[in-house]
Amino acid sequence: MAIDIMKKLTVVCENAAAQRLMKTLHGLGVVQLTDALAQHEAAAGVLERDEQSTEEWDTDLQKLHLIFGLLDVFAAEKRSFVAGLASVPLIIEQAELDTGIGYAELETLYVEALQLDGVYRQAERRIGEVEAQLAELAPLEELPFAIDEMSMSERVRMMLGMMRSQSIAELAQDAEAVKTLAWELVVPGHCLRKGSESAAAEWEATHSDEPRWVLAAFLKEDTEAARKCLSSHGFEEITLPQIRGTVRDRVRELNGELAELRQSVAGVGEKVQKLAVNRRRFLVLKALRMNQRDAALARRSCVHGEWTHMLTGYIRERDLPQLTSVLDAEFPSASLLVEDPGPDEDVPVSLTVSRHVRPVQTLVNLFGLPLYKSFDPSPFLMLNFYLFFGICFSDLAYGVSLVLLSYYIMRRTRQYEGVYNFAKLLLFAGFSTMIFGMLLGSWFGDLYEAQYLGEGNPMAKFMGLVSVIDPLEKPVIVLLIALAIGMVNQFYGIALKMYGALKNGDTATAVFDGLLWLIILPGAVIVVSTMFVALPASVLRVGLALFAIGALGLILTQGRSSKGLVARLGTGLVSLYGIVGSYGLTAFIGDTMSYCRLLALGLTTSIVALSFNMMANLLRPIPYVGIVLFILVLIVGHIFNFFISVLGAFVHSMRLIFVEFFGRFYAGGAKPFAPLGFNSREAVLKKAP
């Protein structure tokens, strides 16, 4: 369980063998290429970069992008349970690459898809226009006259608008100012003076509070005066569409066109469904083209001269014998130079861990890979994470549920390493949850109590035997335990900092920035504890001695990079507080207090579970349906609490790891080792058994 040892390599071969060499390295998948000119600056004036065009692959990927766009609209793939959890790579057989879609077939399918895409986009664009017109015409559909007739007269101008009843009555009194102004109330389907009097009266009775449609008419030369008069009485003109005939006739025409357009789209969908039978072949071809494009981009890092070709990169030390044997067998004229990376080089990182630690490595990947010269923290996280998660979730029944769910996901995701390892992480976390659920006496909250399952039920007897402390009854004790865990975890992080420094031969950092803090902090804890509890005098003397030794050492060493004695001592003194330096007493207090969340999350899980139990129990006395409601509320409530609590337990456990623990010793951010090969996040080539 360590960071793999990396080697720098330089390979020089004849130009004629360059393409075959790249293909061989691609098949091996053990070499990450780097910029050859950056590695050998002296060759800048002698060798030139390989110019590799990716146009061919980019063109095919654009075609596939269009095809997948159609498939997503008309033949969307049903996501499996696994795919719904996370993005999983496509597992590809070698035979699929050998018998995949060729250039000619892709071109034929692309032309078909392009035509379907054109029809679909044109129809969708027109559907949008028609629907917009229908929405505009909908309020006017009941107008009883042809719209174009309103503009036929050469001398008379007509306007349609909305007015309230009181305003219409006032208009009748003031209209004499415009002698030619006349108006008429328009009732949907009728005119007040020209239509059915009874129908109009019925409409008036049911719409008395609504604004009225008013059709106004006046001579064109009186347009300005008429508009002013109408506007003064609240007349709001309605802009009429430019159509022939009635609005109803136009709506009928548009609905007919809309039906034809939708039928056209449905026809496109039927043809796309036939195209969808090739979905997997399209996915395989996409993975292949992306891989070929990446290989072409990688070749741009190589250089060549008139006769020779040179590439540089990194390889894991354990893969070096394999590469050497292949070069000796297939490229006897090639030269291989292997050397160790320089101390300041940004070396890519590859981790090799056991299968038991691999789930926890998922957490390290979330934060960032360790630097090459440091160490892999994965094995040191196992106890911390499972401890924190178990305390935060702490319910026996929820733990059993998490174990079963995680095991089911693992069974479904064996070929997807990332999802499988994450499910395995939750599986072990579920066992921790079961343990702390028993210790803290929680099984679906207090569902084992007599008021729910009756006196002397087996679950109540079992929980009585295994329970150690109830956090609801003794929260102070549990809080002190959480704080104690926090302090120990802080000491553990500082010890790991010492380990990393000693591993790199930095004894000064291990002693001055690690050991001295491990001396002063326990002393400070003992001294502060005397404010709350009575301690033996001998213990207090030990605490004072530890604090004094540690403080003196820190004052003398924390400012060792400063110039001048006063600056060094001043920096060392301030470092005790935590403003400068590697740590600080205030940082220790703040980080330790963060572990109160262990109690808070554990209580939250229990209290919410208890609340659902109480609500369900209140419904049980209801005749006939009480027991059904009781069970239903329990199921829904506990499912909700399970998922929200498992999320909270994971997030807060990760915070304690990433902030309070990693902050003591760990600095991530290294680039992952990415060898040239087919495998990627999108697709993985299945290895032969």
Look at the side chain of [X] and the backbone N and O of [Y], then say whether any donor-acceptor pair between them is shorter than 3.5 Å.
X: S231; Y: K228; answer: no
X: S653; Y: F650; answer: no
X: T433; Y: A429; answer: yes
X: T605; Y: C392; answer: yes
X: Q32; Y: A674; answer: yes

Ring-ring centroid check Y120 F74, cutoff 6.0 Å: yes
If you round to the nearest 0.5 Å, how far is [atom2] of [Y] from [atom1] of [X]?
X: K424; Y: E417; atom1: NZ; atom2: CD; answer: 10.5 Å
X: R250; Y: Q242; atom1: CZ; atom2: CD; answer: 12.0 Å
X: E77; Y: L283; atom1: CD; atom2: CG; answer: 6.5 Å
X: D117; Y: L66; atom1: CG; atom2: CG; answer: 4.5 Å
X: L363; Y: M654; atom1: CG; atom2: CE; answer: 4.0 Å
X: Y420; Y: I409; atom1: OH; atom2: CD1; answer: 12.5 Å

Is R289 close enough and on-axis enough to F282, meaning under 6.0 Å and within 45°, for cation-pi?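 Judged by the rule (NZ or CZ under 6.0 Å from the ring centre, within 45° of its axis), R289 is not positioned above F282.
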Holding to side-chain contact (heavy atoms from CB on, under 4.5 Å), I want the full list of residues that pass it with I639, two or more places apart in sequence or in another chain. I635, F643
Option passing salt bridge (Lys or Arg N to Asp or Glu O under 4.0 Å) with R262 (candidates E131, E257, E124): E131
Between [X] and [Y], is any pair of side-chain heavy atoms under 4.5 Å apart?
X: L656; Y: S594; answer: yes
X: S645; Y: V608; answer: no
X: D60; Y: Y103; answer: yes
X: I627; Y: R620; answer: yes
X: F389; Y: L425; answer: no

Working for side chain to side chain contact (heavy atoms under 4.5 Å, CB included), residues S401 and H638: CA-CA 11 Å; S401 302; H638 285 294; over 6 Å; no
Which residues pass the salt bridge (Lys or Arg N to Asp or Glu O under 4.0 Å) test with E105, sequence neighbours left out?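 E105: salt bridge (Lys or Arg N to Asp or Glu O under 4.0 Å) contacts with R281.
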List in chain and number order the residues that pass salt bridge (Lys or Arg N to Asp or Glu O under 4.0 Å) with K671, two or more places apart in sequence or in another chain; answer none if no residue qualifies. D346
For the residue pair F367 and F658, does the interplanar ring angle fall in the parallel (under 30°), tilted (30 to 60°) or perpendicular (over 60°) class?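 Ring orientation, 0 to 90° scale: tilted.
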Is the number of heavy atoms from other residues, nucleotides or ligands within 6.0 Å of [atom1] ([X]) greater than 12?
X: M615; atom1: CE; value: yes
X: K286; atom1: NZ; value: no
X: R279; atom1: CZ; value: yes
X: Q94; atom1: CD; value: yes

Hey, mind stepping through M614 and Y452 against side chain to side chain contact (heavy atoms under 4.5 Å, CB included) and telling me if it holds? CA-CA 9 Å; M614 292 174 59; Y452 302 113; 3.9 Å; yes
Salt bridge flag under 4.0 Å for residues [X] and [Y]:
X: D35; Y: R49; result: yes
X: E224; Y: R227; result: no
X: E56; Y: R293; result: no

Is a side-chain donor-acceptor pair under 3.5 Å present for R252 with N255? no
Candidate pair D395 and N641, rule side chain to side chain contact (heavy atoms under 4.5 Å, CB included), full reasoning: CA-CA 11 Å; D395 186 281; N641 192 32; over 6 Å; no
Side chain to side chain contact (heavy atoms under 4.5 Å, CB included) assessment of V251 paired with T246: CA-CA 9 Å; V251 168; T246 64; over 6 Å; no
